[in-house]
Amino acid sequence: MRGPKHGGANEEAFRIQSRYKSADEAEADVRTRVERKEIVIGFGHPVYTISDPRNEVIKRVAKKLSEENGNMLMFDIADRLESVMWDLKKMFPNLDWFSAVSYNQMGVPTEMFTPLFVISRVTGWGAHVMEQRADGKIIRPSANYVGPENLTWVPIEKR
């Protein structure tokens, strides 16, 4: 859960997005980098091969936070680079790409991006350890959801 390719990818995505002053500048630079065969962190996924289903959700969150803060620059850069990477390499953004925008818009310090990402996984990891100890064997659960289907979402202020 560290380094620029796993766990720390959201921090690297932030560094990439924040080095530009405009979406046009970002596009020109990334086109050059792709031409030089550089890797652009925040795109592609070893498991999700067609798209990252989490991206649709986090992108909406990033846009909403950016609009609420009246600061669309980083979102616009991330959005433009999403299009550029698809056009050039048929690569889609993973969760880290727009998480960087979201965390930044929420005021989360960059060095806390990875710990925040890890915190969201701790409950699942703990449950797996408890299962393994109870059964006396190491398992690789498939994590198939077996809960209720088609529940209506209720906004938090109405719960």
Side-chain angles (χ1 to χ4, degrees), residues 1-19 30 33-34 36-66 68-69 74-75 77-159:
M1 294 305 298
R2 64 187 201 118
K5 289 188 179 179
H6 193 260
N10 50 27
E11 294 176 31
E12 186 60 27
F14 172 76
R15 281 191 272 286
I16 291 167
Q17 296 161 3
S18 62
R19 68 180 161 215
V30 166
R33 289 172 185 269
V34 168
R36 290 192 310 243
K37 308 245 186 274
E38 290 183 30
I39 294 171
V40 180
I41 298 296
F43 289 87
H45 194 277
V47 175
Y48 302 124
T49 56
I50 298 169
S51 70
D52 186 336
R54 305 167 300 175
N55 183 56
E56 183 182 327
V57 175
I58 196 64
K59 183 177 180 179
R60 281 195 315 261
V61 170
K63 184 175 185 179
K64 183 176 187 236
L65 289 167
S66 298
E68 287 174 359
N69 289 337
M74 188 172 284
F75 179 84
I77 289 168
D79 188 49
R80 174 79 66 86
L81 293 181
E82 175 184 24
S83 298
V84 169
M85 289 299 288
W86 183 256
D87 290 344
L88 296 178
K89 308 242 334 157
K90 298 298 180 241
M91 291 184 79
F92 55 86
N94 56 42
L95 179 67
D96 299 302
W97 191 246
F98 284 99
S99 289
V101 177
S102 298
Y103 291 164
N104 176 258
Q105 290 295 324
M106 289 186 288
V108 176
T110 311
E111 62 275 5
M112 295 304 293
F113 285 13
T114 300
L116 188 58
F117 177 76
V118 170
I119 287 168
S120 67
R121 294 176 171 219
V122 169
T123 304
W125 291 342
H128 291 168
V129 168
M130 290 165 54
E131 266 184 84
Q132 291 174 49
R133 288 196 174 161
D135 295 344
K137 61 182 178 180
I138 296 175
I139 58 171
R140 283 286 193 180
S142 62
N144 291 329
Y145 179 72
V146 295
E149 302 275 340
N150 302 319
L151 296 175
T152 303
W153 182 78
V154 178
I156 197 154
E157 60 273 0
K158 293 185 179 179
R159 293 182 197 171

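Index from 1, following the sequence.
The shortest distance between side-chain heavy atoms of Lys63 and Val101 does not fall below 4.5 Å. Using a 4.5 Å heavy-atom cutoff, the side chains of Lys59 and Phe75 are in contact. Taking the side chain as every heavy atom from C-beta outward, Asp96 and Ile41 never approach each other to under 4.5 Å. Here the side chains of Leu81 and Val40 are not in contact, with every heavy-atom distance at 4.5 Å or above. Between Glu82 and Phe98 the shortest side-chain heavy-atom distance falls below 4.5 Å. Using a 4.5 Å heavy-atom cutoff, the side chains of Gln105 and Ser102 are not in contact.
Heavy-atom neighbours of Ile50 CD1 from other residues, nucleotides or ligands within 6.0 Å: at or below the threshold of 12. Within 6.0 Å of atom CD in Glu56, 12 or fewer heavy atoms from other residues, nucleotides or ligands are found, so the atom counts as exposed in its surroundings. Annotation for Arg36: atom CZ counts as buried by contact number, over 12 foreign heavy atoms lying within 6.0 Å.
In this structure, CD1 on Ile39 lies 8.5 Å from CE on Met91, to the nearest 0.5 angstrom. Atom OG in Ser99 sits 8.5 Å away from atom CG in Leu116 (nearest 0.5 Å). In this structure, the separation between CD on Gln132 and CG on Asp135 is 8.5 Å, given to the nearest 0.5 Å. Residue Met112 holds its CE atom at 12.0 Å from CE of Met106, rounded to the nearest 0.5 Å. For the atom pair CH2 (Trp153) and CZ (Arg159), the distance works out to 6.5 Å, reported to the nearest 0.5 Å. For the atom pair NZ of Lys64 and CG of Asn69, the computed distance is 11.0 Å after rounding to the nearest 0.5 Å.
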| field | Intermediate values then yes/no, side chain to side chain contact (heavy atoms under 4.5 Å, CB included), Glu11 and Arg15 | value | CA-CA 6 Å; Glu11 294 176 31; Arg15 281 191 272 286; 3.9 Å; yes
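Of all heavy-atom pairs spanning Gly42 and Trp97, the tightest one is O-CB, 3.6 Å. Considering all non-hydrogen atoms of both residues, Ser66 and Ala62 come closest at OG-O, 2.8 Å. Residues Ile77 and Gln17 share a closest heavy-atom pair of CD1-O, 3.7 Å. Of all the heavy atoms in Pro93 and Asn55, the pair that sits closest is CG-ND2, 3.4 Å.
Ring planes of Phe14 and Phe113: perpendicular class, angle over 60° (limits at 30 and 60°).
Checking side-chain atoms of Asn10 against main-chain N and O of Ala100 turns up no donor-acceptor pair under 3.5 Å.
For the pair Arg54 and Asp52, the salt-bridge criterion is met [side-chain N within less than 4.0 Å of a carboxylate O].
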